[in-house]
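Have a look at the structure below before the remarks.
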Amino acid sequence: MIRVLLVDDQALIRGGFRALLEAEDDIEVVAEAANGEQAIALALEHLPDVALVDVQMPVMDGIEATRRIAADERLSEVHVVILTNYGLDEYVFNALRAGAGGFLVKDTEPADLLQGVRVAARGDALLSPAITRRLIGEYVARRPAPEPEGLDVLTNREREVTALVARGMSNDEIAAHMVISPTTAKTHVSRAMTKLGARDRAQLVVFAYESGLVTPRRN
């Protein structure tokens, strides 16, 4: 059973998400919060697998709530997914930097929302190649060129793997590209995350772009 915490200041939106999620046999909504402070308290109380968190809320916004959840060792198994009305914006990028594992647009198709919750519960990043290019790529492209800080801690193999993760590849796809086993690919990804202090693959993607290891593709 996947345990979900809903965090949104609009009760109607929470109600809609609850009805959709609880219609599934493998998903349970364990609590609802109307702001970031409540979210942190309820996350500590219920230890959900997934927290669906709105960005703009009173008292404490979703970005700060995400940052605090990600920094709390007691909540290391809570996977934050940001809910947004707009999709591709600076708020989402900042939330990924803060420790979110991905994002969903509020008007997404029900099947995609349910799939997103299940993906997040497994600990996988909700970052498709298209999202990587459009969200992170376009936002980083508008910023000054970064200094490649931190890359020296990675081996050449780990740099290559990190770049492929940033391109949206799964471990199996990385393995096929590099002609290595999926287990070896997963090991390289895990070591890169550990060395860079990345909570998950989403943060590894952010690092790859911010450090200049990967540059945005312009269409």
Side-chain angles (χ1 to χ4, degrees), residues 2 26 49-51 66 69-71 73 75-82 88 92-104 108 111-141 143 145-219:
I2 299 171
D26 61 334
D49 301 299
V50 177
T66 297
I69 289 172
E73 293 183 356
L75 301 176
S76 61
E77 298 302 315
V78 178
H79 305 289
V80 176
V81 175
I82 290 295
L88 309 176
V92 174
F93 182 81
N94 288 336
L96 293 173
R97 292 184 64 195
F103 82 98
L104 289 168
T108 190
D112 292 335
L113 172 67
L114 295 170
Q115 177 63 15
V117 168
R118 294 183 176 108
V119 169
R122 295 198 301 265
D124 294 333
L126 285 176
L127 291 173
S128 70
I131 292 171
T132 296
R133 289 193 299 271
R134 293 166 58 199
L135 169 65
I136 298 178
E138 289 182 12
Y139 176 62
V140 174
R143 308 176 71 207
E147 294 295 327
E149 298 176 356
L151 292 179
D152 56 335
V153 303
L154 301 180
T155 65
N156 289 336
R157 205 67 158 166
E158 289 162 355
R159 289 191 192 195
E160 183 179 359
V161 165
T162 299
L164 294 176
V165 169
R167 293 300 186 199
M169 289 191 183
S170 66
N171 287 342
D172 287 346
E173 291 169 334
I174 291 171
H177 180 84
M178 298 178 65
V179 195
I180 57 179
S181 71
T183 300
T184 300
K186 181 178 180 181
T187 298
H188 286 315
V189 171
S190 297
R191 286 176 177 170
M193 288 171 54
T194 299
K195 289 181 178 180
L196 297 173
R199 176 182 171 93
D200 54 27
R201 292 173 77 96
Q203 285 199 311
L204 198 61
V205 171
V206 172
F207 174 85
Y209 277 94
E210 287 202 315
S211 67
L213 178 63
V214 175
T215 56
R217 292 174 177 171
R218 289 180 169 80
N219 295 330

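Index from 1, following the sequence.
- Heavy atoms only, all atoms of each residue included: A100 and I82 are closest at CB-CG1, 3.8 Å.
- Every residue two or more places apart in sequence or in another chain that forms a salt bridge (Lys or Arg N to Asp or Glu O under 4.0 Å) with R118 is listed here: E24, D26.
- For A70, the side chain to side chain contact (heavy atoms under 4.5 Å, CB included) test picks out R199, with sequence neighbours left out.
- Taking the salt bridge (Lys or Arg N to Asp or Glu O under 4.0 Å) definition, one finds that D112 meets it with nothing, sequence neighbours left out.
- In this view, D49 satisfies the side chain to side chain donor-acceptor pair (under 3.5 Å) rule with no residue, not counting sequence neighbours.
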Which is it for R157 and I180 under the side chain to side chain contact (heavy atoms under 4.5 Å, CB included) test, yes or no, and what are the steps along the way? CA-CA 11 Å; R157 205 67 158 166; I180 57 179; 3.2 Å; yes
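- Residues passing the side chain to side chain donor-acceptor pair (under 3.5 Å) test with S181, sequence neighbours excluded: T184.
- Among all heavy-atom pairs drawn from V78 and A51, the shortest one is CG1-CB, 4.1 Å.
- Of all the heavy atoms in A208 and T162, the pair that sits closest is CB-CG2, 4.0 Å.
- Listed by first then second residue, pairs satisfying salt bridge (charged side-chain N to carboxylate O under 4.0 Å, His left out) with a partner in residues 171-196 read E158-K195, not counting sequence neighbours.
- Annotation for V161 and A185: closest pair CG1-O, 4.4 Å, computed over non-hydrogen atoms.
- To the nearest 0.5 Å, atoms CE (M178) and CD (E160) are separated by 3.5 Å.
- Within the model, atoms CD1 of I69 and OG of S76 stand 12.0 Å from one another, a figure rounded to the nearest 0.5 Å.
- Here A163 pairs with L213, V214 under the side chain to side chain contact (heavy atoms under 4.5 Å, CB included) rule; sequence neighbours left out.
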Evaluation steps, side chain to side chain contact (heavy atoms under 4.5 Å, CB included), between V81 and V117: CA-CA 8 Å; V81 175; V117 168; over 6 Å; no
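- H188 NE2 to L154 CG: the interatomic distance, rounded to the nearest 0.5 Å, is 12.0 Å.
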